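Everything on this sheet refers to the single structure shown next.
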Amino acid sequence: MADGNRFFPAPRLILAALVAGALAGAVAVYVSESRSGNNAPAQVAAGDSKDDVACAAKSDRAKKVAAAATGEVAALLPADPPQSMRSLAFNGPDGKPMTIADHAGKTVLLNLWATWCAPCRAEMPALDALQKEKGSDAFQVVAVNVDAGDDVKPKEFLADTGVHTLGYYRDSTMTLFNDLKTRGLALGLPVTMLIDGEGCLIAHMNGPAEWSGPDAKRLVETALGS
């Protein structure tokens, strides 16, 4: 990965994140099951809104894109079924509320992270490198910090880990994480979702990955070319 560190197996990483969170006195984000990656829990079925119906029709595309997730991003799972993420809300780099719908027309790799999350510290420079190389009018990494409190620690974290390209997105209320947890998409941190230009969830992953490597870049190219 970007800093040369090697990842531990996902369950140990998630445990490390939880321990770090407890020591830091962070808001409790816990793993309700011991499963992660390719053993993630079943998703809550998509709703019957017009957007969800349109997204559900993309099952074949989701499978095709997820099939390209090999090697260091092999834990990425196809959305089953694809569902609309347009309403997912957080604050943008300007501090104003926004949703995934504001990124219409752009494929988004949405990642949730926190300063007390040990695997996030290793993963964030890789996400930064992916955005630097692949970020465009067609693709963007949107990494959302979910720490409670003010912006001081998150911004120090980004500076300490050498993250300079990623936009600063925030949700200090845990609403975003809890929404994804309710949908069966989030166990703990980090959690990552690949969302297409129409706001449809195409694939998702619990746990960290090497996002700056060739496997991740091929995945992005597949998602953009599908």
Side-chain angles (χ1 to χ4, degrees), residues 29 40 43-59 61-62 64-66 69 73 76-114 120 123-124 127-128 130-131 134-147 154 163 165-206 209 211 216 219-220 222-226:
V29 175
Q43 292 175 232
V44 174
D48 58 2
S49 71
K50 181 179 179 180
D51 289 336
D52 280 323
V53 171
C55 290
K58 299 184 179 185
S59 291
R61 183 188 178 200
K64 178 181 178 180
V65 172
V73 293
L76 196 76
L77 298 171
D80 183 24
Q83 56 185 284
S84 179
M85 300 281 109
R86 287 171 54 83
S87 64
L88 292 183
F90 42 87
N91 289 340
D94 60 1
K96 296 179 180 179
M98 67 180 307
T99 67
I100 286 293
D102 292 312
H103 292 275
K106 183 178 292 189
T107 296
V108 169
L109 190 73
L110 178 68
N111 175 275
L112 274 61
W113 65 278
C120 297
E123 185 180 53
M124 287 296 288
L127 287 166
D128 190 61
L130 180 63
Q131 172 63 23
K134 290 294 186 181
S136 68
D137 291 339
F139 173 77
Q140 184 174 354
V141 178
V142 176
V144 183
N145 174 263
V146 295
D147 279 65
V163 173
T165 305
L166 293 175
Y168 181 63
Y169 297 89
R170 278 272 278 160
D171 174 32
S172 61
T173 68
M174 291 300 292
T175 301
L176 176 59
F177 177 85
N178 288 328
D179 186 350
L180 295 174
K181 182 179 175 183
T182 299
R183 296 174 186 244
L185 295 169
L187 293 173
L189 295 179
V191 57
T192 307
M193 283 149 290
L194 186 64
I195 301 169
D196 74 7
E198 295 179 337
C200 298
L201 177 68
I202 298 300
H204 61 100
M205 175 192 297
N206 276 274
W211 293 110
L219 172 66
V220 171
T222 300
L224 293 176
S226 296

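Everything numeric in this text was worked out from a predicted model, so none of it was measured.
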### Query
Can you check whether L180 reaches H204 side chain to side chain, under 4.5 Å on heavy atoms?
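No, their side chains stay 4.5 Å or more apart.
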### Query
Do L219 and W211 come within less than 4.5 Å of each other through their side chains, counting heavy atoms only?
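They are in contact (side-chain heavy atoms under 4.5 Å apart), so the answer is yes.
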### Task
Any chance you could measure M193, atom CE, to L112, atom CG, to the nearest 0.5 Å?
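Answer rounded to 0.5 Å: 5.5 Å.
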### Message
Just verifying a value: how many Å separate D128 CG and L166 CG, rounded to the nearest 0.5 Å?
### Response
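Interatomic distance, D128 CG to L166 CG, rounded to 0.5 Å: 4.5 Å.
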#### Entry: D52 (side chain) donor-acceptor with S84 (main chain) under 3.5 angstrom
yes
### Task
Check for a donor-acceptor pair, side chain of Q131 on one end and backbone N or O of T165 on the other, with a separation under 3.5 Å.
no
### Query
Above 12 or not: heavy atoms from other molecules or residues under 6.0 Å from CG of D137?
no
Indicate every side-chain donor-acceptor pair of residues 85-92 with a distance under 3.5 Å to a residue at least two apart or in another chain.
from : atom 1 : to  : atom 2 : distance (Å)
R86  : NE     : D51 : OD2    : 3.4

Distance-only check: which donor-acceptor pairs under 3.5 Å involve side-chain atoms of residues 100-110, not counting sequence neighbours?
from : atom 1 : to   : atom 2 : distance (Å)
D102 : OD2    : T99  : N      : 2.8
K106 : NZ     : Q140 : OE1    : 3.3

Show the nearest heavy-atom pair for residues [X] and [Y], with the distance to one decimal.
X: Y169; Y: P93; result: CE2-CD, 3.4 Å
X: C55; Y: P82; result: O-CB, 3.1 Å
X: L194; Y: A223; result: CD2-CB, 3.8 Å
X: P78; Y: A62; result: CB-O, 3.7 Å

### Query
Residues two or more places apart in sequence or in another chain: which of them pass side chain to side chain contact (heavy atoms under 4.5 Å, CB included) with N145?
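Counting only residues at least two positions away or on another chain, N145 forms a side chain to side chain contact (heavy atoms under 4.5 Å, CB included) with W113, T115, D147, P154, R170.
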### Query
What residues, two or more places apart in sequence or in another chain, satisfy side-chain hydrogen bond (donor to acceptor under 3.5 Å, both in side chains) together with T173?
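If we apply the side-chain hydrogen bond (donor to acceptor under 3.5 Å, both in side chains) test to T173, skipping adjacent residues, the hits are D171, T175.
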### Message
Once side-chain hydrogen bond (donor to acceptor under 3.5 Å, both in side chains) is applied, what residue pairs with a partner in residues 191-201 remain, sequence neighbours excluded?
### Response
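Listed by first then second residue: K58-D196, K58-E198, R61-D196, N111-T192.
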